[in-house]
Each structure stands twice: as structure tokens, then as C-alpha cells.
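For reference, the structure discussed in these notes is given below.
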Amino acid sequence: MTRDRAAGCTVLHVDMDAFFASVEVRRHPELAGTPVIVGGVGNRGVVTSATYEARRYGVHSAMPTSRALRLCPTATVLPGDLDLYAEVSRSVMALFRSLTPLVEPLSLDEAFLDVSGSGRRLGDPVAIGEYIRARVYDEQGITCSVGVAGSKFVAKLASTRAKPDGLLVVPPAEVMDFLHPLPVGALWGVGPKTEEVLLRLGLRTVGDLAHVPARTLQRAVGQAAGSHLHELAWGRDPRRVVPDEPDRSTGAEETFGTDVDDPQVIHRELLHLAERTAGRLRSTGHLARTVTVKIRFADFTTITRSRTLKVPTDVGQELYDTARTLFDALGLDRARIRLVGVRAEGLVEAEATARQLELGAREHGRRDAELAADRAARRFGAGAVRPATLLGRRQVPGTGPVARDPSPGTPR
């Protein structure tokens, strides 16, 4: 790749290859070259990541683990370690920020980089991409794929095409040749339903879509979506790389191994989820203005309920009190529940938010106790200190409740 051919390519999209699974193989080198699945087991377990050896059998993220094992019965299934993955992610993101301040993380395992101001020090974008791949492998023992282009949309598509362990450059002059043969499902915003509509219109490739008048697309999929897809089909994506966009929410949810209709069990899970969510808030220096509970019933019907707090908080007990009140107000009368979740929204910086003092309040309150529990967890491991109510919390044999972080940008 010559410097002239890479001219105009200032956006990199870096994506870790099979991130969770790759970190597990690094931890268990005896599994290198074998199919590995990270996720829950049992009837409700789902795949969160899989090595490429497993993917050759058709295994992919969000697939039920039971089905994945039918496709690939020799795979090793590991439960996963979010704390470890977050630690590796922090190191990788720190590497990116050492190269450019314009880093926009999308999730634990991928980010956009604007390297337009890094050329004199580090070379052209292609050289920077190769440097990143080498550094990630040397420092973390995992591989990543890099897409280099003039826009975020094309760079992300390029990194996907480069997988695994590759680098692909799409110069501005070659964007149409790259985009138009792709299936319409490759466009951002085209989910299964939209894709079905487009296919019924005979639009199978991005090129097909590009040559349909924008008004026709707007009538088919809506005005905003039609305009958006028409612009992308011609490679037009004006969005800039936005460094470290503030978190808007954080939370956790649990899928039970079997449907639950006991309110006491639900209350216990809500407390567990509230404690986890509060710990994440404190670790990132945020307070939550709004608490949301999510309930999914046995028939997969899902509802949410929210309440905005008078004072933002990062205290697990306060999140739990609100979540429990929201749940109890539903009056479900022992309805069979498949999943519960707690989410903290409307996040604000803790240091920039004044704390309300209460007349007659204790010198050391609940928040101090939870901060002490955080310190114990860092020293002795997660769960070293927990509310007494959770000491009797039992996991479903073989799985535990299937826990996952439902934040945007689910790692693959």
C-alpha cells in the first residue's frame, strides 16, 4: 500500500478477534487451535464469544449454547470472566489513546480512531494500523483486525472483511467498488425486518439499493431510514470520531435457568443486580438519576418500568429499594418470569455533583459500607463481602442465572 493510495484514509476501526474467547485461550494455552465457546451452559445459556475454530461449525454469538454444542460437540465451554476482559480492554484502549486523543470506544473490543493528526510522528494510517496489530499481539497475546478508510462506516465494514487478524484499506476512490457488491444487510440500520422489505423489492446488494431513488426507499422503510440508507449506499457518512462519549447508562440482567414465580427469589436477584450496577457506577465515577427494571415473562413478553430519583446515587441499597418498589407495583401475582434486569440511567459525573446532606444522618452511612466492600473485592475477589440476603442465593445447577451486561455494543 503506497502513501498516495492511502491518501484521505484517516479513520481506523480496530476490532479484537473473538475477544472473550481469545483472552480465554491466552489464559488456557492448551486450548489453542481448538473450538472454544464462552457463555452459559444449560437450557438458557447463550454464546457470548467463540473462537474461529468453533465458528467454522456455524457457532456464533447470541446462539443458545445447547445448539452450539450440537453443531460443535467437541467445543470447550468456559463461563467467562468479565473483570479480566475489562482489564484487557482498558490496556488496549490505553494503547490507542497513546497514539491519538481521538478514540471512540464502541464496546470492550472495538473502537474508532481518527489518526489525521498522527502522521508526522507515526507514519501513514496503514503503518499505524499495522503498528496497532503488532502491539496488541505483543502486549496482550490476542489478535485484532483493522479497517482503514475515509469514514467510520466504511472503516467498520473494512475491519469486518479483514477478519481474522488482518488489515484492509478502502481508499476514497475505491469506496463504490468495495460497497456496491455487498449484501444490503451490511448497511448500518438494516435489521432483519428492514432487510426483508428490501429483498421483497428485489434489492439484494448495496449497489441495487444505491440506484433506487431516495423517495422510493423512504416510502418503503420510512423517511428517515430511507434517507439514511441512500446516503450510506453512496459511501456518505459525515460523522466524526467522538472521543470518550460519556456513558448514558449501565446495568445488568439475569436469565433464570428455569422460570421463577417466587417474589422472594425475584427480590434477591434485584438486590444482586442493584449491587452489581452500583459497583459499576462507583468504578467509573458516575451517579444515576434514573432506575429502570426490566421483566421478561415465560412467553418472552418484556416490560420495563422506570423512576427518576430526587438525588442521583451510586448506592446499591438505594438502587435496590427503587427497583423493588417498581417491581412490587406491577402486582404480578406469581407470574412466571424468565429474566430480570436493573439499569442505571441518566448518568452524571460524581465529582461534579453536590451531595445532599441529611439532618441527623450518621457520620458513616451505607455508601461507606459499600465502598469498603469494593476495597475488599479488589483485594480478595468479587463477592468477598455481600449483603446477608445474598448469602443464600443459589445458582441454577450447571449454569447459574445467565448473567450478561446488556450495554450497547455487545462484545463478540
Side-chain angles (χ1 to χ4, degrees), residues 39-48 62-67 77 79-80 82 249-281 288 290-309 313-345 366 369-370 373 377 381-407 410:
V41 296
N43 293 334
R44 298 283 173 82
V46 295
V47 176
T48 56
M63 171 184 287
T65 306
S66 56
R67 182 184 174 201
V77 180
L82 281 176
S249 65
T250 187
E253 58 189 39
E254 301 275 7
T255 299
F256 297 106
T258 56
D259 298 332
V260 172
D261 64 0
D262 185 344
Q264 291 188 351
V265 175
I266 302 298
H267 289 163
R268 198 155 52 239
E269 290 305 325
L270 289 174
L271 176 58
H272 171 63
L273 296 171
E275 292 283 328
R276 284 175 56 189
T277 300
R280 290 175 180 172
L281 289 172
T290 301
V291 178
T292 297
V293 293
K294 175 180 178 181
I295 307 295
R296 179 168 295 155
F297 299 100
D299 63 358
F300 287 87
T301 301
T302 303
I303 61 174
T304 60
R305 295 291 185 270
S306 300
R307 175 170 295 175
T308 298
L309 307 173
T313 187
D314 60 2
V315 178
Q317 185 65 45
E318 295 176 8
L319 297 181
Y320 167 67
D321 290 342
T322 305
R324 176 171 174 167
T325 299
L326 290 168
F327 172 76
D328 290 345
L330 294 171
L332 296 179
D333 192 24
R334 301 190 75 92
R336 292 169 56 229
I337 293 174
R338 176 185 179 90
L339 172 150
V340 294
V342 173
R343 193 153 199 83
E345 300 175 335
R366 178 73 189 196
E370 294 189 11
V385 179
R386 68 181 73 178
T389 304
L390 297 182
L391 292 177
R393 177 178 177 270
R394 293 181 61 83
Q395 294 182 329
V396 179
T399 65
V402 180
R404 63 183 184 273
D405 179 356
S407 300
T410 305

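Values in this document were obtained by computation on a predicted structure and should not be read as measured data.
Atom OG1 of Thr325 and atom CG of Leu330 lie 11.0 Å apart (nearest 0.5 Å). Expressed to the nearest 0.5 Å, how far OG1 of Thr48 lies from CE of Met63 amounts to 13.0 Å. To the nearest 0.5 angstrom, His272 atom NE2 is 13.5 Å from Tyr320 atom OH. Summarising the geometry, atom CG belonging to Asp321 is positioned 11.0 Å from atom CG belonging to Leu326; distances are rounded to the nearest 0.5 Å.
Lys294 has its side chain out of reach of Arg343: every pair of non-hydrogen atoms, C-beta onward, lies at least 4.5 Å apart. Annotation: side chain of Phe327 is not in contact with side chain of Arg305 (no heavy-atom distance under 4.5 Å). The shortest side-chain heavy-atom distance between Leu319 and Thr313 falls under the 4.5 Å cut-off. Inter-residue side-chain proximity for Thr255 and Val340 is flagged as unmet; no heavy-atom pair is nearer than 4.5 Å. In this structure, Ile337 and Asp259 have side chains that are not in contact, with every pair of non-hydrogen atoms separated by 4.5 Å or more. Counting only heavy atoms from C-beta outward, the side chains of Glu269 and Gln264 never approach each other to under 4.5 Å. For the pair Leu281/Thr250, a side-chain contact is recorded, criterion being any heavy-atom separation below 4.5 Å from C-beta on. Taking the side chain as every heavy atom from C-beta outward, Asp261 and Leu332 never approach each other to under 4.5 Å.
Considering every non-hydrogen atom in both Ala323 and Val342, the closest pair reads CB-CG2, 4.2 Å. Closest approach of Phe297 and Arg338 over heavy atoms only: O-CB, 3.7 Å. Nearest heavy atoms, Thr277 versus Ala344: CG2-CB, 3.7 Å. The heavy-atom pair separating Gly316 from Ala274 by the smallest distance is O-CB, 3.7 Å. The two residues Glu275 and Gln317 come nearest to each other via the heavy atoms OE2-N, 4.2 Å.
In this structure, the side chain of Thr292 does not engage the main chain of Thr290 through any donor-acceptor pair within 3.5 Å. Thr65 contributes a side-chain N or O that, together with a main-chain N or O of Gly40, makes up a donor-acceptor pair within less than 3.5 Å. A distance-only check finds a donor-acceptor pair linking the side chain of Arg44 to the backbone of Phe256 [under 3.5 Å].
Evaluated for a salt bridge (charged side-chain N to carboxylate O under 4.0 Å, His left out) with Glu254, the options Arg276, Arg268, Arg296 yield exactly one hit, Arg276.
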Quiz item: Step by step, would you call Arg336 with Val260 a side-chain contact (heavy atoms from CB on, under 4.5 Å)?
Solution: CA-CA 5 Å; Arg336 292 169 56 229; Val260 172; over 6 Å; no
Quiz item: Passes side-chain hydrogen bond (donor to acceptor under 3.5 Å, both in side chains), Thr322 versus Arg307? Steps please.
Solution: CA-CA 7 Å; Thr322 305; Arg307 175 170 295 175; over 6 Å; no
